[in-house]
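Reckoned from all heavy atoms, side chains included, excluding hydrogens, waters and symmetry mates. Each chain gets a letter, A, B and so on, in the order the sequences are listed, and its residues count up from 1.
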Protein chains: 2
Amino acid sequence: MKSSLDAIFSALSDPTRRAILGRLAHGKATVAELADPFELSQPAISKHLKVLEQAGLIRSGREATSRPRELEPDALKKISDWIGDYRRFWDQSFDRLDGYLSKVQGYEDDKSGD
Amino acid sequence: MKSSLDAIFSALSDPTRRAILGRLAHGKATVAELADPFELSQPAISKHLKVLEQAGLIRSGREATSRPRELEPDALKKISDWIGDYRRFWDQSFDRLDGYLSKVQGYEDDKSGD
DNA sequence: TGGCTATATAACCGTATAGATATATTGTTT
DNA sequence: AAACAATATATCTATACGGTTATATAGCCA
């Protein structure tokens, strides 16, 4: 489970994977159920699920012969926190900008937070 | 300026590009200034900037011979909104889960919001 | 055990991406 | 106009990615 910002953002850049997450927001689902809405092969879906799992966005269970997936929201929280550093850019007036800039230190901050 | 979720998430999946955004959170900067912290060629940085701009995350200006970049937070807001659909997974109790699930409809919702 | 079901893995292919170096473009300065 | 400075574009290379089909694995059931 990498769960780095690299892996998380990369996983989310694919619309199929975002759709899978959307489906999992409704609750646990099997691979077959997750594959159903798409015109993709089962192995393609399994690959997407692997990417999501390695990014820490979902987890696999085991129920008889199936391996149901469910959301693992920690990774989403991670990028939500990252975006939080920039939230003031659209949420608030630019007057207070200088006050918070010490929080956003670029490369090093980004790596340490990974 | 694509500004689709695909393009935004993809742009953010690279640590160099996130570092550039971090730098731009401090304020406008030239290409040379943005390139300075990295051991990358100038064309490599220009490419990264192009990716960020096409995702709608930054904009280019023109000042004499330089083309300073600055943040364009709309795209970040876009993914912040997307993540908002999942925020309850870590922010709140799971009791209210069923109540909001109608908001998260997966593939079609994702595409319409693009 | 043999066969069925659900899922994973392997091998392969075409396209995209990140980097490099070399060159072109555009504005400034003399 | 010529030279310089800042940046962009072209071309190339290596690797990653998303898809496919074929095959392997694991658990259940007759």
Side-chain angles (χ1 to χ4, degrees), chain A residues 1-2 4-21 23-24 27-70 72 107 110-111, chain B residues 1-2 4-21 23-24 27-70 107 110-111 114:
Chain A
M1 209 252 291
K2 274 169 67 185
S4 71
L5 285 176
D6 282 26
I8 297 166
F9 279 125
S10 178
L12 293 177
S13 72
D14 184 283
T16 300
R17 288 192 289 259
R18 289 198 306 277
I20 288 172
L21 292 181
R23 171 64 213 274
L24 288 177
K28 205 189 301 195
T30 67
V31 175
E33 286 164 348
L34 292 169
D36 190 56
F38 303 102
E39 294 188 343
L40 289 179
S41 64
Q42 169 264 313
I45 301 295
S46 280
K47 266 191 178 177
H48 281 305
L49 293 173
K50 194 172 194 176
V51 171
L52 288 168
E53 185 162 9
Q54 288 182 336
L57 286 157
I58 65 172
R59 62 193 307 172
S60 312
R62 165 69 83 173
E63 267 173 32
T65 171
S66 84
R67 294 166 167 89
R69 305 310 208 276
E70 56 188 324
E72 177 76 87
Y107 207 40
D110 180 71
K111 289 202 300 192
Chain B
M1 211 250 293
K2 274 168 69 184
S4 70
L5 285 175
D6 282 26
I8 297 166
F9 279 124
S10 178
L12 293 177
S13 72
D14 184 282
T16 299
R17 288 193 289 259
R18 290 199 306 279
I20 288 173
L21 292 181
R23 170 63 212 274
L24 289 176
K28 204 189 303 196
T30 67
V31 175
E33 286 165 347
L34 292 170
D36 190 55
F38 303 101
E39 294 188 342
L40 289 179
S41 65
Q42 169 264 313
I45 300 296
S46 281
K47 264 193 182 177
H48 281 306
L49 293 173
K50 195 172 194 176
V51 171
L52 287 169
E53 185 163 9
Q54 288 181 337
L57 286 158
I58 65 172
R59 62 194 307 174
S60 312
R62 166 70 84 173
E63 266 171 32
T65 171
S66 82
R67 294 165 166 89
R69 305 309 208 277
E70 57 188 323
Y107 207 40
D110 181 72
K111 288 203 302 194
D114 228 352

**Of residues 44-51 of chain A, the positions that come close to DNA chain D - non-hydrogen atoms, cut-off under 4.0 Å** =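 Heavy-atom cutoff 4.0 Å gives A:Ala44, A:Lys47, A:His48.
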What side-chain donor-acceptor pairs closer than 3.5 Å can you find for residues 37-47 of chain A, not counting sequence neighbours?
from, atom 1, to, atom 2, distance (Å)
A:Ser41, OG, A:Ala44, N, 3.3
A:Gln42, NE2, A:Ser46, OG, 3.1

**Request:** Would you name the heavy atoms of A:Pro68 and A:Ser66 that are closest together and state the gap between them?
**Result:**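 Closest approach of A:Pro68 to A:Ser66: CD-O, 3.3 Å.
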**Message:** Measuring from the side chain of A:Leu40 (C-beta onward, heavy atoms only), which nucleotide among D:dG19, D:dT21, D:dA10 has the closest atom?
**Reply:**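 Ranking D:dG19, D:dT21, D:dA10 by closest atom to the A:Leu40 side chain puts D:dG19 first.
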**Prompt:** Do side-chain atoms of A:Arg17 reach the backbone of A:His48 as a donor and acceptor pair under 3.5 angstrom?
**Reply:**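 No; judged by distance alone, with no hydrogens or angles, the pair does not exist.
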**Side-chain donor or acceptor of B:Ser13 paired with backbone N/O of B:Ser10 under 3.5 Å** =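 Yes, because the side chain of B:Ser13 sits within donor-acceptor range (under 3.5 Å) of the backbone of B:Ser10.
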Can you tell me how far apart [atom1] ([X]) and [atom2] ([Y]) are? Round to the nearest 0.5 Å.
X: A:Leu24; Y: A:Glu33; atom1: CG; atom2: CD; value: 10.0 Å
X: B:Leu34; Y: B:Leu52; atom1: CG; atom2: CG; value: 9.5 Å
X: A:Phe9; Y: B:Asp14; atom1: CZ; atom2: CG; value: 11.5 Å

Mind listing the side-chain donor-acceptor pairs of residues 57-64 of chain A below 3.5 Å, one per line with the distance, residues two or more places apart or on another chain?
from, atom 1, to, atom 2, distance (Å)
A:Ser60, OG, A:Glu53, OE1, 2.7
A:Ser60, OG, A:Glu53, OE2, 3.1
A:Ser60, OG, A:Arg69, NE, 3.1
A:Glu63, OE2, A:Lys28, NZ, 3.2

**Prompt:** Taking 5' to 3' order, which nucleotide of DNA chain C is first and which is last to have an atom within less than 4.0 Å of a heavy atom in chain B?
**Reply:**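 So the outermost contacting nucleotides come out as C:dA18 to C:dT28.
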**Request:** Report, as a single string ordered 5' to 3', how protein heavy atoms within less than 4.0 Å touch nucleotides 23-30 of chain D: B base, S sugar-phosphate only, - not at all.
**Result:** ---SSS--
**Asked** Over how many whole Å does the gap from A:Leu12 atom CG to D:dG18 atom P extend?
**Response**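 Spelled out: CG on A:Leu12 to P on D:dG18 is 12 Å.
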**Prompt:** What is the distance, rounded to the nearest whole Å, between atom CG of B:Leu52 and atom C1' of D:dT7?
**Reply:**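 Rounding to the nearest Å, CG of B:Leu52 and C1' of D:dT7 are 16 Å apart.
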**Request:** Scan A:Ser66 against the nucleic acid and name what it touches under 4.0 Å (heavy atoms): base, sugar-phosphate only, or nothing.
**Result:**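 A:Ser66: backbone/sugar contact only, no base atoms under 4.0 Å.
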**Request:** Describe, as an angle rounded to 10 degrees, how the axis at the first end of the helix from C:dT1-D:dA30 to C:dT30-D:dA1 is tilted relative to the axis at the last end, five pairs per end.
**Result:**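 Answer rounded to 10°: the end axes differ by 10°.
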**Asked** Any side-chain heavy atom of B:Leu5 within less than 4.5 Å of one from A:Leu12?
**Response**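 Result no, sub-4.5 Å side-chain heavy-atom pair not found.
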